[in-house]
Amino acid sequence: MSVFELSDQEVQRRESLHKLREMGIDPYPAALYPVTDYATGIKENFEEGKQVVLAGRLMSQRVMGKASFAEILDSTGRIQVYINRDEICPGEEKSLYNEVFKKLLDLGDFIGVKGTVFKTQVGEISVHVKEFTLLSKSLKPLPLPKTDADGKVHDAFTDPELRYRQRYVDLVVNAHVKETFIKRSKAMNSMRQFFNEKGYLEVETPILQPIPGGATARPFMTHHNALDIPLYLRVANELYLKRLIVGGFEGVYEFAKDFRNEGMDRTHNPEFTVMEIYVAYKDYNWMMDFTEKMIERVAMEVCGTTEITVGDTTISLKAPFARVTMREAILHFTGFDIHGKSEDALHAACKSLGIETDPTMGKGKLIDELFGEKCEGNYIQPTFITDYPIEMSPLCKRHRQDPELTERFELMINGKEIANAYSELNDPIDQRERFEEQMRLSEKGDDEAMFIDQDFLRSLEYGMPPTSGMGIGIDRLVMLLTNNSSIQEVLFFPQMRPEVKGHKLELSDNEKMILEMVEKDAPIELSTLKVRAGLSGKQWDISIKVLTKQGLVKVTKEGESVSVSIAD
RNA sequence: GAUUCCGUAGCUCAGCUGGUAGAGCAAUACACUUUUAAUGUAUGGGCCCUGGGUUCGAAUCCCAGCGGGAUCACCA
């Protein structure tokens, strides 16, 4: 479909629009509409005869001569309305019903309705309309899924491409999609409340950063014209939140959009949402308690239960969660004990377990591979994996009992990482050394190692209290809570390849050539023209179709002879 | 990036071993004053994703491309 061409139904809707204007009805009125009630509210608190005013989209129309039923969809759901011709049009003039309601309104139009609540003979709560107003005309037909008596949905709007590209349509037509996003908002509000009750402060930190720190990922790069410097979209906000702890806040959190210039799939979108929280004078043990309580509460408030269903499995989000050290986890699933092992020994272990390695991998990366390949997917029920090797955690405090390890945990649910937390490294000298170690790794070829943020180090030198920080992937948490297996389903507007624009309207060379021949010798025998054009069957076919379609030439048949002429 | 499936009416989908496209819903017209996947009758609506090839003839077969899904790989 070209952008320039309108479908049959679109043309008809535009004609209806004109007719409405001719009748003196403004299809896009400016005045507010005094809504008093909503579909769901009316149905939940049925009151026979109650006066109501509501507004929404017209989603179905069942016209039965002088009376009609229709359905209106508002932000809360659908409700049926009943319209009677002689009540809408008490006098001789019946055009408001016969013309406007029956013909000029289309499915998808916004209308407002005043009337009284009643129950039909079949017992459906409906609104008996005394007055209706067109609030906004819809010029494109919506897809119209229907649900039958058995609750089966027909003609569902399911094509993922269309659903993601035109989310507005998806939301109108698929009630469960709306539900997912309401849950998403509830989950974030629930967390916000949990933090605010404890006196922590919601903050905002820069998205445009001169040094993309706090995580190792490829950043999106941009440029600031006035300063003439490169800037990066943040890959994390960790280093800024810690600066705020240095500044004296005791607890800060941010719901942050982060950006990573990497692949896209069902669990990765280039922009995604992370909640990070930092609390002074706490450690990672405290943070585990805090995290499990938070998750339990969010589940209760969003789903009304801590037993959630993900695919075929049931997951219990009731605190407390299991706690397993990384060493135990790897030992359990591979029989290999990483404790005190050299880099060579780890390489050998990976190899014997069928994990590919390369020489740029240090100890941290190798252990990460072992865990990622052999363990991670097994933790379906929520489990804190603790005590990560120091090489893979450059911002995390050294473990109080083992200098090879860090005080870090990741929360695994359904085999995937949901949250990540540390006792934050606040020793500025140690931190500098860790950054330098990262630089060495990066020189070795690991292009994900971090830049050194000198200003962050300076802030630590002023002194940061012992602090624990935690980050949680909001998109993935919402996927869990709403039983969705792809991130696109929990983002309103997931990243998509740009849509290709409509077909060109200019004629091709072949079409121009044929047109010239017709202009010269019209009317001309079709078979003669075909031979003269000298095109392959397919090219001929396409060209003549385009020409007739665009109304440039006309094919007329008289008995046996078919001739082509210029259309008038 | 690899493998694989898909792209046909506004929507959901048929279309066989090649012979100028079908259904339901939606639309248009008429009938119908409590229906609910309303109903009945009639009608209109298609660059069959794009480009090339094979063929007398391609929605159908072949090649290339574009877009999307799924699985895998990559990605803290």
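All values reported here derive from a predicted model rather than from experimental measurement. Throughout, protein chains are lettered first and strands after them, A, B, ... in sequence-line order, and every chain is numbered starting at 1.
Remark: A:K146 is not in phosphate contact with B:U12, judged by side-chain N or O atoms under 4.0 Å from OP1 or OP2. Side-chain N/O atoms of A:K119 include none lying less than 4.0 angstrom from OP1 or OP2 on B:U36. Taking 4.0 angstrom as the limit, A:R497 places a side-chain polar atom (N or O) nearer than this to OP1 or OP2 of B:G68. Listed pair A:R62 / B:U35 fails the phosphate criterion, with no side-chain N or O lying under 4.0 Å from OP1 or OP2. The side chain of A:R266 places an N or O atom within less than 4.0 Å of a non-bridging phosphate oxygen (OP1 or OP2) of B:C72. Between A:R85 and B:U33 there is no side-chain polar atom (N or O) within less than 4.0 angstrom of OP1 or OP2.
At a threshold of 4.0 Å, the pair A:E254-A:R234 counts as salt-bridged, since one of the basic side-chain nitrogens sits closer than that to a carboxylate oxygen. Ion pairing between a basic and an acidic side chain is recognised when a charged N comes within 4.0 Å of a carboxylate O; A:E99 and A:K19 show no such pairing.
Atom-to-atom, CD of A:Q9 to C1' of B:A9 comes out at 9 Å; the value is rounded to the nearest Å.
The P atoms of B:G69 and B:U12 are separated by 15 Å, rounded to the nearest whole Å.
Using a 4.0 Å heavy-atom distance criterion, A:F371 is classed as making no nucleic acid contact. Using a 4.0 Å heavy-atom distance criterion, A:K103 is classed as a sugar-phosphate-only contact.
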Identify each donor-acceptor pair in which a side-chain atom of residues 171-178 of chain A lies under 3.5 Å from a protein atom, sequence neighbours left out, and give them as a table.
residue	atom	partner	partner atom	Å
A:N174	ND2	A:F157	O	3.1
A:N174	ND2	A:D170	OD1	2.7
A:K178	NZ	A:S75	O	3.3

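Counting only distance, with no hydrogens or angles, the side chain of A:R434 and the backbone of A:C396 share a donor-acceptor pair below 3.5 Å.
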